[in-house]
Protein chains: 2
Amino acid sequence: MTVVSLHEPSHRETLWELEAAFARGDTVSVFGECTVEYDGRAASSLGPGARLLVLKPDGTALVHTDEGRTPVNWQPPGCEHHAAVRDGRLRVRSVRTNPAETLEVRFSTVEHLAAYAVTGGRSVEVVGSEADLKARVLEVPSLVADGFEPLETERETDAGPVDVFGVDADGNPVVVELKRRRVGPDAVGQLGRYVSAVEREEPDGTPVAGVLVAPSVTARAKELLAEEGLELVAVDRLVADGSRPTEGDDEGAERDANGAGGADGVDRDESGRG
Amino acid sequence: MTVVSLHEPSHRETLWELEAAFARGDTVSVFGECTVEYDGRAASSLGPGARLLVLKPDGTALVHTDEGRTPVNWQPPGCEHHAAVRDGRLRVRSVRTNPAETLEVRFSTVEHLAAYAVTGGRSVEVVGSEADLKARVLEVPSLVADGFEPLETERETDAGPVDVFGVDADGNPVVVELKRRRVGPDAVGQLGRYVSAVEREEPDGTPVAGVLVAPSVTARAKELLAEEGLELVAVDRLVADGSRPTEGDDEGAERDANGAGGADGVDRDESGRG
DNA sequence: ACCTCCATTTCGTAT
DNA sequence: ATACGAAGTGGAGGT
């Protein structure tokens with residue numbers, strides 16, 4: 001049995017199938033009219049409406065409307081899902097502790113339920129993260145400054161870990177903060193805190209440079225940089241331009257599941273008509 | 001027709017029904033084996049596995065595995081969904097511009113499709129937000145300091161809007177930053193920037209106080225507060241004390257309400273997660 | 001468990 | 001459109 005589906009089931013039928021799905025470790029999708037109550041870190045109440053409820057075997061619960069990437073209500077992983085029928089109506093409660101939070105979905109109608117053993121590859125390799133930017137800086141330190149020499153990454157300071165720490169051509173300390181996208185005042189503040197922390201560590205009078213490496217900064221961030229005597233190095237393309245990232249054998253080889261399918265050919269598509 | 005469901009459909013059938021669902025403005029749930037490619041602000045590749053794909057009429061696409069609140073891949077609202085069959089296999093592309101991003105889901109098997117007109121209430125009333133904390137501070141200004149008098153909220157400064165601005169018993173300016181939860185160094189930096197900005201606005205020598213109102217702070221944040229001469233006011237309950245928290249129908253209270261014979265409800269059926 | 005920070009953050013509001 | 005900060009942020013990695 002791969003997938004179970006109930007079309008316009010009774011509330012009772014839905015309950016049975018939900019329990020069976022929980023027992024199997026299936027992921028469940030339920031369409032229907034419902035209200036939602038949440039109480040925990042905050043509290044909320046959602047009036048009646050047609051929605052999609054997704055329940056995962058890891059204790060995640062998602063209530064989706066027809067809009068938005070973010071669920072209108074949810075429960076993070078680690079909950080226990082409980083289903084029950086009260087007054088002839090299906091209720092699903094997802095509960096967790098630490099923090100104590102409860103989500104309760106009360107259905108007035110259940111239109112559909114589908115349950116399926118969702119398993120397999122769940123780790124995705126993302127390219128273009130801050131880690132990639134760091135790799136690029138370590139590969140080409142001159143991006144930061146002529147004569148810059150990286151010494152350490154994630155170097156611990158009083159103010160937290162410094163992305164890249166090194167010295168300039170004169171041997172003076174340089175603190176580098178990396179951001180993969182356009183930054184505002186927060187990132188400047190972060191860099192400022194790191195620079196101050198390193199200044200406290202160094203002998204009095206040692207000049208400590210702070211460099212923000214990012215595609216661009218907002219106007220206010222630029223002001224703040226100037227005020228605090230920090231520099232900006234604008235790097236717009238994280239992924240190397242012409243340089244195919246030397247990863248070759250290192251990174252791209254294996255994903256997590258079965259190697260399975262080359263499946264279909266990798267020709268650049270397409271003419272999707274929607 | 002309220003809900004459409006296809007059990008183990010062919011790829012072609014799925015395509016037809018997807019297109020019909022898009023045309024109707026339905027929200028769609030698809031279970032099946034697939035791979036996922038994403039390219040946009042970053043890039044990623046997800047190997048084959050059994051997953052849940054959700055497509056919304058507002059252009060949202062979500063690819064969920066059996067774990068986590070966050071989709072393993074997604075596309076935010078504003079996309080156009082395109083479905084096609086290539087080499088006998090269903091492909092769904094969700095594309096947007098600004099930034100240019102593409103998500104492509106290639107199915108090797110389609111186990112199930114369900115489509116439903118998800119509409120209705122999507123605005124949720126949340127209690128316990130920063131706005132509530134602000135209301136509480138304005139209601140009881142002495143929480144911040146004896147003799148504190150709020151003058152303005154969201155007061156604009158060079159460094160951004162100040163949550164609550166006012167004066168202390170001596171008439172000196174006070175900058176208040178509100179946080180609904182335990183805060184780290186970032187919030188202290190934020191408050192520090194606001195205080196500095198106000199100091200620049202005021203006549204030289206005017207002492208400007210900075211107060212962080214939050215349930216608690218981390219050790220490092222506490223140090224930073226001390227360094228910058230800022231204060232902490234610990235407020236643990238956002239929701240007013242006196243107000244009983246939504247005590248509803250929780251455990252078995254109302255059970256007997258509808259008396260008589262109607263009690264065909266299965267009362268305490270429960271089941272836990274897998 | 002707590003702390004710190006990244007994120008394809010998303011989301012809302014004001015400029 | 002961009003900017004700025006909140007969010008029930010979530011999630012990873014370290015201590």
Side-chain angles (χ1 to χ4, degrees), chain A residues 38-44 60 67-78 96 98-103 123-124 126-134 154 156-163 177-187 190 193-194 216-222 238, chain B residues 36 38-44 60-61 63 67-78 96 98-103 123-124 126-134 154 156-157 159-163 177-187 190 193-194 216-222 238:
Chain A
Y38 155 74
D39 195 3
R41 287 165 292 176
S44 73
T60 300
E67 289 187 349
R69 205 212 71 141
T70 304
V72 65
N73 272 123
W74 71 91
Q75 201 67 289
R96 71 166 177 159
N98 199 1
E101 292 193 301
T102 302
L103 181 78
S123 78
V124 63
V126 177
V127 174
S129 63
E130 186 180 293
D132 294 287
L133 179 54
K134 186 197 295 181
E154 305 306 326
E156 270 305 327
T157 71
D158 259 9
V162 167
D163 282 343
E177 174 64 26
L178 307 170
K179 291 295 170 190
R180 64 177 302 282
R181 58 177 208 173
R182 183 173 175 84
V183 302
D186 52 340
Q190 196 181 342
R193 292 201 302 278
Y194 295 156
S216 60
V217 296
T218 67
R220 201 171 281 174
K222 197 168 190 175
L238 303 193
Chain B
V36 185
Y38 156 73
D39 195 4
R41 287 164 293 177
S44 73
T60 299
V63 180
E67 288 187 349
R69 208 212 68 143
T70 304
V72 64
N73 274 123
W74 71 90
Q75 200 69 288
R96 69 166 179 161
N98 199 5
E101 293 193 300
T102 301
L103 182 78
S123 79
V124 63
V126 177
V127 174
S129 63
E130 187 179 292
D132 295 288
L133 180 54
K134 187 198 292 179
E154 306 304 326
E156 271 304 327
T157 72
V162 168
D163 283 343
E177 174 64 25
L178 306 170
K179 291 295 171 190
R180 63 178 303 282
R181 61 176 204 175
R182 183 174 175 85
V183 300
D186 52 341
Q190 197 182 340
R193 292 200 303 276
Y194 295 156
S216 60
V217 297
T218 67
R220 203 170 290 182
K222 198 167 189 176
L238 304 193

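Proteins come first, then strands; the chains are lettered A, B, ... in the order of their sequence lines, and each starts at number 1. Source: prediction; values computed, not measured. As a basis for the values below, the full set of heavy atoms in this structure was taken, side chains included, without hydrogen atoms, waters or symmetry mates.
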Can you tell me how far C1' in D:dA7 sits from the matching atom in C:dC5, rounded to whole Å?
16 Å
Please report the distance, rounded to the nearest Å, between CD in B:E130 and P in D:dC4.
17 Å
Would A:R193 and A:E177 pass as an ion pair if we require N to O under 4.0 Å?
no
Establish, with yes or no, whether the OP1 or OP2 oxygen of C:dA1 is under 4.0 angstrom from a side-chain nitrogen or oxygen of A:N98.
yes
Name the nucleic acid region contacted by B:E177, choosing base, sugar-phosphate or nothing; use a 4.0 angstrom heavy-atom cut-off, strictly under.
sugar-phosphate
Treating A:R41 as the side-chain partner and A:A100 as the backbone partner, does any N or O pair qualify as donor plus acceptor under 3.5 Å?
no
Picking from C:dT8, D:dC4, D:dG8, which would you name as closest to the side chain of B:V126?
D:dG8
Mind running side chain to side chain contact (heavy atoms under 4.5 Å, CB included) on B:V183 and B:T218 for me, showing each step along the way?
CA-CA 6 Å; B:V183 300; B:T218 67; over 6 Å; no
How do B:E101 and A:P161 order along DNA chain C: which one's closest nucleotide is nearer the 5' end?
A:P161
On the side chain of A:D186, is there an atom forming a donor-acceptor pair with the base of D:dG5 - under 3.5 Å, no angle test?
no
Which part of the nucleic acid does A:E154 contact within heavy-atom distance under 4.0 Å: base, sugar-phosphate only, or nothing?
nothing
Shortest side-chain distance from A:P185, nucleotide among D:dG8, D:dG5, D:dA6:
D:dG5
Is it true that B:R181 and B:E130 have a side-chain N and a carboxylate O under 4.0 angstrom from each other?
no
Can you check whether any acceptor in the base of C:dT8 is under 3.5 Å from a donor in the side chain of B:N73, or vice versa?
yes
Measure the distance from CG on A:D158 to P on C:dC5 and round it to the nearest whole Å.
12 Å
Return no unless some side-chain N or O of B:W74 is found under 4.0 Å from OP1 or OP2 of C:dT9.
no
For A:P99, which contact category applies under a 4.0 Å heavy-atom criterion: base, sugar-phosphate, or nothing?
nothing
Base D:dG8 to side chain A:Q75, donor-acceptor N/O within 3.5 Å cut-off
yes
Between D:dG14 (P) and A:E156 (CD): distance, integer Å
11 Å
Taking 4.0 Å as the cut-off, does a side-chain nitrogen or oxygen of A:Y194 come that near to OP1 or OP2 on C:dT4?
no
Measure CZ/B:R69 against C1'/D:dG11 and give the value in whole Å, please.
11 Å
Taking OP1 and OP2 of D:dG8, is either one under 4.0 Å from a side-chain nitrogen or oxygen of B:S129?
no
Take B:G68 and A:V183, find for each the nucleotide of DNA chain D with the closest heavy atom, and name the residue whose nucleotide sits nearer the 5' end.
A:V183
B:P76 and B:T60, any side-chain heavy atoms less than 4.5 Å apart
no
Is there a side-chain polar atom (N or O) of A:R220 under 4.0 Å from OP1 or OP2 of D:dC4?
yes
Return no unless some side-chain N or O of A:R182 is found under 4.0 Å from OP1 or OP2 of D:dC4.
no
Does A:R181 place a side-chain N or O at less than 4.0 Å from the phosphate oxygens OP1/OP2 of C:dT9?
yes
Atom pair distance, as rounded to whole Å: CZ in B:R96 and C1' in D:dA1
14 Å
If you look at every strand shown and take non-hydrogen atoms under 4.0 Å, does B:A159 touch a base, only sugar-phosphate, or nothing?
sugar-phosphate
In whole angstrom, what separates B:D132's CG from D:dG8's P?
11 Å
Separation of D:dA6 atom P from B:Q190 atom CD, nearest Å, is 4 Å
For the side chain of B:R180, starting at C-beta, report the closest nucleotide among D:dT9, C:dT8, C:dC11.
D:dT9
Would you mind checking if A:E101 and A:R96 are paired as a salt bridge, meaning a charged N to carboxylate O distance below 4.0 Å?
yes
Does a nitrogen or oxygen in the side chain of B:T218 sit under 4.0 Å from OP1 or OP2 of C:dT4?
yes
Does A:A219 or B:T70 map to a spot on DNA chain D nearer the 5' end, using the closest nucleotide for each?
A:A219
P spacing across the pair D:dC4 / C:dT8, given as an integer number of angstrom
22 Å
Determine, stepwise, if the pair B:D163 / B:E154 fulfils side chain to side chain contact (heavy atoms under 4.5 Å, CB included).
CA-CA 5 Å; B:D163 283 343; B:E154 306 304 326; 3.9 Å; yes
Find the distance A:R41:CZ to D:dA7:P and express it as a whole number of Å.
12 Å
Expressed as a whole number of Å, how far does the P atom of C:dC11 sit from that of D:dG11?
15 Å
